Protein chains: 2
Amino acid sequence: MSDTVIQELIDRYIELSFSVHRRGEALVKCQIGSDLTNDQHYTLRYISKAGSCTSTELAEEFDVQKSAITAIINRLWEKGLIKRTRDENDRRVVYLTLTDKGNELFYQAEERIYRLVETFITKFDQSEIKQFIETYEKLNQVLKESKELWWGNRA
Amino acid sequence: MSDTVIQELIDRYIELSFSVHRRGEALVKCQIGSDLTNDQHYTLRYISKAGSCTSTELAEEFDVQKSAITAIINRLWEKGLIKRTRDENDRRVVYLTLTDKGNELFYQAEERIYRLVETFITKFDQSEIKQFIETYEKLNQVLKESKELWWGNRA
DNA sequence: CGTTAATAGTTAAACGATTTAATAATTAAA
DNA sequence: TTTAATTATTAAATCGTTTAACTATTAACG
């Protein structure tokens, strides 16, 4: 592969890693606005899809420390969007689920995002989107593996 | 386009916007580690490519308030990586340039990233990468335009 | 059984990135 | 010359993150 293509991939990926989080933020806040941050929305999203999960699971999934999860869950809990339930068999474990309010807010946001994407999706054709998603997933996977490799050499 | 493909794009994009910033962070810190955050590296990168620029320019480019730029520039300045120079003709303006140390650190990071990307780039073929970059740019452009549209309706 | 590990989650302190609102200094416009 | 607009900064607040220490609980093993 030519050097310029590698360099361009790097440029784009770094650009991506800088800007896309902010674009996501705009996406979540789009139109009527939800008062949710990108990270909060993504957390609701994960819990909604899982039905119920633990802090440890979220920390592993998001690749952050458990204390970061505690913080974000606290903020969602203060907004009344999340419920904490202790496991009766193993009393160390806390299950996280969405409250009715949490569910409602999440689905509202999802619907808004869907409507928005519909407005511009016509500019792409299906195969282009599919290809993009595939390459992204591959790239993400490769980066994840690489990361484990480097960090295995340290610490 | 089918509903499932739209939904999948949304899922992937939201995932992307959540995770990619963290992957970028790992990329910047890879191997020997640079003590730069992703945002700091990206800022050095922009100034390096531009040669010299202003806070206002960075704020527009990064799509944040100018005070956020002041903050990040302060941190880089404290590390001795950035120089501030007042314009003699218009004394409101401050030009930002990299110091020698800033240049060195930035190029070290770039080289590390390049070497890393080389190790896994073989898993992709050139056309796939090119296509990925193109679609990314298109998507980014479309989202930028959409954002201006929604936010034009507010405020 | 009882002591020692390990695990799940939280708290506290610190830092980085961000926003809004207010301000200082300077230049442009009327 | 007074008023506007522009450039950059500061201050206060919030969010997301890390590391380190801690609590409560469960598992392991002699």
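So that the names make sense, note that chain A is the first sequence line, chain B the second, and so on, each numbered from 1. Computed from a predicted model, the values in this text were never measured in an experiment.
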Please list, for nucleotides 8-13 of chain C, all pairs of protein and nucleotide N/O atoms separated by less than 3.5 Å.
{"from": "dG9(C)", "atom 1": "OP1", "to": "Val94(A)", "atom 2": "N", "distance (Å)": "3.0"}
{"from": "dG9(C)", "atom 1": "OP1", "to": "Val94(A)", "atom 2": "O", "distance (Å)": "3.1"}
{"from": "dG9(C)", "atom 1": "OP2", "to": "Thr56(A)", "atom 2": "N", "distance (Å)": "3.0"}
{"from": "dG9(C)", "atom 1": "OP2", "to": "Thr56(A)", "atom 2": "OG1", "distance (Å)": "2.5"}
{"from": "dG9(C)", "atom 1": "N7", "to": "Lys66(A)", "atom 2": "NZ", "distance (Å)": "3.3"}
{"from": "dT10(C)", "atom 1": "OP1", "to": "Arg84(A)", "atom 2": "NE", "distance (Å)": "3.1"}
{"from": "dT10(C)", "atom 1": "OP1", "to": "Arg84(A)", "atom 2": "NH2", "distance (Å)": "3.3"}
{"from": "dT10(C)", "atom 1": "OP2", "to": "Thr70(A)", "atom 2": "OG1", "distance (Å)": "3.2"}

Q: Taking side chain to side chain contact (heavy atoms under 4.5 Å, CB included) as the test, write out the residues that go with Arg12(A), two or more places apart.
A: Glu8(A), Glu15(A), Ile133(B), Tyr136(B), Glu137(B)
Q.
Can you list everything that forms a side chain to side chain contact (heavy atoms under 4.5 Å, CB included) with Ser67(A)? Sequence neighbours excluded, please.
A. Gln65(A)
(Q) Counting Watson-Crick and G-U wobble pairs with both distances under 3.5 Å, what is the dot-bracket string for DNA chain D, 5' to 3', using [ ] for crossing pairs and | for pairs to another strand? (A) |||.|||||||||||||||||||||.||||
Q) Does a salt bridge link Lys130(B) with Glu134(B), judged by any charged N lying under 4.0 Å from a carboxylate O? A) no
Q. Considering residues at least two apart in sequence or located in another chain, which fulfil the salt bridge (Lys or Arg N to Asp or Glu O under 4.0 Å) criterion with Glu78(A)?
A. none
Q. What residue pairs, at least two apart or across chains, pass side chain to side chain donor-acceptor pair (under 3.5 Å) with a residue in residues 81-90 of chain A?
A. Asn74(A)-Arg84(A), Asp87(A)-Tyr95(A), Asp90(A)-Arg92(A)
Q.
Can you list, in residue-number order, the parts of residues 39-46 of chain B that come under 4.0 Å of DNA chain C, counting heavy atoms only?
A. Asp39(B), Gln40(B)
Pairs: protein N or O with nucleotides 1-3 of chain C N or O, under 3.5 Å:
none

Q. Mind checking what makes side chain to side chain contact (heavy atoms under 4.5 Å, CB included) contact with Ala71(A), not counting sequence neighbours?
A. Arg75(A)
Q.
Whole angstroms only, please: what is the CD-C1' distance between Glu78(B) and dA14(C)?
A. 15 Å
Q: List in chain and number order the residues that pass side-chain hydrogen bond (donor to acceptor under 3.5 Å, both in side chains) with Lys138(A), two or more places apart in sequence or in another chain; answer none if no residue qualifies.
A: Glu128(B)
Q. First and last nucleotide of DNA chain D touching chain A, 5' to 3', heavy-atom cut-off 4.0 Å?
A. dC15(D) to dT26(D)
Q) On DNA chain D, nearest-nucleotide positions of Glu88(A) versus Gln65(A): which is more 5'? A) Gln65(A)
(Q) Taking any heavy-atom pair under 4.0 Å as a contact, classify Asn89(A): base, sugar-phosphate, or nothing. (A) sugar-phosphate
Q.
I'd like to check the side chain to side chain contact (heavy atoms under 4.5 Å, CB included) partners of Arg45(B); sequence neighbours left out, ordered by chain and number.
A. Gln7(A), Ile10(A), Asp11(A), Ile14(A), His41(B), Tyr42(B), Lys49(B), Phe106(B), Glu110(B)
